[in-house]
Amino acid sequence: MNPFKQALEQLERTIAVSPVSDELRRRLIRPERELTVSIPVAMDNGTTRLFEGYRIQHSSLRGPYKGGIRFHPDANTDEVRALAFWMTLKCAVTNIPMGGGKGGITVDPKKLSKAELEKLSRGWVRALYPILGPERDVPAPDVNTTPEIMLWMSDEYAKLTGDTRNATFTGKPLANGGSEGRGVATGMGGFYVFEALRKSLKLPERVSVVIQGMGNVGGNAAKIFHEHGHNILAMSDSRGGVYSPSGLDPEEVERYKKESGNLKGFPGAKQISNEKLLELSCDVLIPAALENQITKKNAKNIKAKVVLELANGPTTTEADDVLFKKGVAVVPDILANAGGVVVSTYEWEQNLKGEHWSEADVLKRLHVLLDRESKNVLEISKKLKTDLRRAAFALALKRLEKALQSQSRQ
Ligand code: NAD
């Protein structure tokens, strides 16, 4: 399943219910720039390995390109292109002044030493820095990229360019120009979107939640939902998960994973595969790992009332149709996981202005923004009598069309 093909299908399906100009369509079906680079790294054993790296700048219609960098053995151009496309839509649906981009390296970072990982991260910047910068392209973390990696990248960029504003990479550690609230932003954003839509989605006040993936996004979402009194039935990492009908304490699950390296043998819970986890009965299913998890193969078995997409691209278009027919609402990634890019943009703004905002201030701004845009998306879905994904796309496309029109007038 090619994720970029999926993304284009989502676009065409939206245009069918909410038309756009032919020029906008043509601008979006192809990224503005794609770069593939070869990054040499001197390995600890004395050999030199070459890694393939990417940056895809999809659209600058609404501002500088913005989007994370993924380190993953399966990272490839089609995946990065789809993720860059979704960033364009995500920045538009949240109305932040950013375009869309994404980057990556084909690598399993778990197989590198820390020194090798640092050289590779700095190498990505050396290969790509001429096309980056606060006014050009502002990368951020994604799967397997941490605040420490963002710090190495930001430091390398400053050395190469002399630009010490620290506004080219976001998701940095707090002590190095990071924003309060950035670590929890994507999970927290998902929670705000859930809260904004809960009543309309006919969900009870206390919901049962199943979460796939327990990294930055899934781990934080689990803790936030739990802290607000919701019941976390299951959690997982890439090797499988744990399930307890009476509920899990996400802090305990995380602690156990840290100590034992995986979730095997977690006390008081059943072991469950990632496939079975997705099919558990629950109010809210949160995919928070990778693309293509809910497909036409398993969509008919999904028993959740609502799917809150915190991962990018977890549901295929065929699965969307099956879920829609079953009455399962899908809150789309470009809205549900937008908290990360919104707070990244706040970080960029703070760096450029030399300011440091409090966590309460950051989260309040995020809350107000996501509450407003979630309700806008809901209204559009009612008006167009369509699902939330097409509605979110339609809102984003309207804003992109406006940007295109004002550009063509110049
Ligand atoms: P991460 O590297 O911190 O965590 C990824 C998690 O997914 C880990 O727990 C890993 O074990 C698990 N995982 C990996 N492969 C899996 C598989 N096949 N099945 C089940 N679990 C698997 O990454 P993250 O930043 O939490 O990103 C997760 C998702 O959220 C991605 O789709 C990413 O694009 C999206 N996202 C991230 C951010 C962000 O701010 N980090 C923002 C928006 C969207």
Side-chain angles (χ1 to χ4, degrees), residues 3 7 66-75 79-80 82-87 89-91 93-94 100 102-105 107-110 139-150 169-172 178-179 181-190 193 210-223 234-242 250 253-254 257-258 261-263 272-278 285-295 298 308-315 331-347 366 370:
K66 183 100 196 72
I69 306 166
R70 177 173 292 195
F71 286 5
H72 197 275
D74 299 332
E79 181 184 69
V80 177
L83 292 164
F85 170 92
W86 285 320
M87 287 310 298
L89 277 287
K90 200 179 296 185
C91 294
V93 88
T94 49
K102 202 83 180 190
I105 300 180
V107 61
D108 184 351
K110 289 183 196 123
D142 190 70
V143 174
N144 288 326
T145 43
T146 57
E148 190 176 33
I149 292 177
M150 292 302 118
F169 290 86
T170 59
K172 301 177 292 285
S179 175
R182 176 61 185 92
V184 296
T186 309
M188 190 61 96
V193 171
V210 165
I211 308 186
Q212 181 196 46
M214 49 182 291
N216 172 288
V217 177
N220 278 307
K223 281 181 265 181
M235 293 171 68
S236 71
D237 68 11
S238 58
R239 281 165 289 185
V242 285
V253 179
E254 259 190 22
K257 182 179 152 113
K258 217 178 230 168
N262 59 53
L263 298 176
I272 188 164
S273 68
N274 266 301
E275 291 74 31
K276 287 276 167 254
L277 172 138
L278 294 171
L285 170 63
I286 303 186
L290 296 172
E291 303 92 72
N292 293 332
Q293 298 302 302
I294 307 177
T295 64
N298 62 356
L308 183 69
E309 292 187 328
L310 293 197
N312 284 307
T315 315
V331 186
D333 46 8
I334 62 164
L335 175 67
N337 72 27
V341 72
V342 172
V343 175
S344 266
T345 302
Y346 295 160
E347 179 174 332
L366 178 67
L370 287 176

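Note that ligands are numbered from 1 as they come in the structure, with each ligand's atoms numbered from 1 the same way. We number each residue from 1, following the sequence as shown.
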A.B. asks: Do H72 and D142 have side-chain heavy atoms sitting under 4.5 Å apart?
C.D. replies: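 A side-chain contact under 4.5 Å is absent here.
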
A.B. asks: Out of V143, I334, D333, whose heavy atom is nearest to atom 23 (O) of ligand 1?
C.D. replies: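 The residue whose heavy atom sits nearest atom 23 (O) of ligand 1 is V143.
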
A.B. asks: What is the nearest protein non-hydrogen atom to atom 6 (C) of ligand 1, stated with its residue, atom name and distance?
C.D. replies: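 Atom 6 (C) of ligand 1 sits closest to the protein heavy atom G215 N, 3.7 Å.
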
A.B. asks: Out of A185, A311, S238, whose heavy atom is nearest to atom 22 (C) of ligand 1?
C.D. replies: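 Result: the heavy atom closest to atom 22 (C) of ligand 1 is in S238.
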
A.B. asks: Considering non-hydrogen atoms of the protein only, which is the closest contact for atom 7 (O) of ligand 1, and what is the distance?
C.D. replies: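 Heavy-atom neighbour on the protein nearest atom 7 (O) of ligand 1: A289 CB, 3.6 Å.
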
A.B. asks: List every atom of ligand 1 that sits less than 4.0 Å from any heavy atom of R182, numbering the atoms from 1 in the order shown and giving each element.
C.D. replies: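 Near R182, the atoms of ligand 1 are 40 (O).
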
A.B. asks: What protein heavy atom sits nearest atom 3 (O) of ligand 1, and how far off is it?
C.D. replies: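 Heavy-atom neighbour on the protein nearest atom 3 (O) of ligand 1: N216 N, 2.9 Å.
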
A.B. asks: Could you go through the side chain to side chain donor-acceptor pair (under 3.5 Å) check for N262 and D237 one step at a time?
C.D. replies: CA-CA 8 Å; N262 59 53; D237 68 11; over 6 Å; no

A.B. asks: Which heavy-atom pair separates Y346 from L366 by the least distance, and what is that distance?
C.D. replies: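 Looking at all heavy atoms of both residues, the shortest contact is OH-N, 3.8 Å.
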
A.B. asks: Looking at Q212, which atoms of ligand 1 are within less than 4.0 Å of one of its heavy atoms?
C.D. replies: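 Listed by number with element, the hits are 19 (N), 20 (C).
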
A.B. asks: For atom 19 (N) of ligand 1, what is the closest protein heavy atom, and at what distance to 0.1 Å?
C.D. replies: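 The closest heavy atom on the protein side is N274 ND2, 3.4 Å.
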
A.B. asks: Using side-chain heavy atoms (C-beta onward) and a distance below 4.5 Å, is T145 in contact with M150?
C.D. replies: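 With C-beta onward as the side chain, the pair touches.
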
A.B. asks: Tell me, which protein residue and heavy-atom name are nearest atom 26 (O) of ligand 1, and how many Å apart are they?
C.D. replies: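 So the nearest neighbour among protein heavy atoms is V217 N, 2.9 Å.
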
A.B. asks: Any side-chain heavy atom of Q212 sitting closer than 4.5 Å to one from I294?
C.D. replies: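 Not in contact.
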
A.B. asks: Less than 4.5 Å apart, any side-chain heavy atom of M87 and any of V341?
C.D. replies: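 They are in side-chain contact.
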
A.B. asks: Report, in ascending order of atom number, the atoms of ligand 1 lying under 4.0 Å from any heavy atom of R70.
C.D. replies: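 Every atom of ligand 1 under 4.0 Å from some heavy atom of R70: 31 (C), 32 (O), 33 (C), 34 (O).
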
A.B. asks: Regarding atom 28 (C) of ligand 1: of the candidates S344, A288, G218, which has the closest heavy atom?
C.D. replies: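 Residue with the shortest heavy-atom distance to the ligand atom: A288.
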
A.B. asks: Around atom 33 (C) of ligand 1, find the nearest protein heavy atom and jot down its residue, atom name and distance.
C.D. replies: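 Nearest protein contact, heavy atoms only, for atom 33 (C) of ligand 1 is D142 OD1, 3.3 Å.
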
A.B. asks: Could you tell me whether T145 approaches ligand 1 through its side chain, its backbone, both or neither, with non-hydrogen atoms closer than 4.0 Å?
C.D. replies: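 Answer for T145: neither.
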
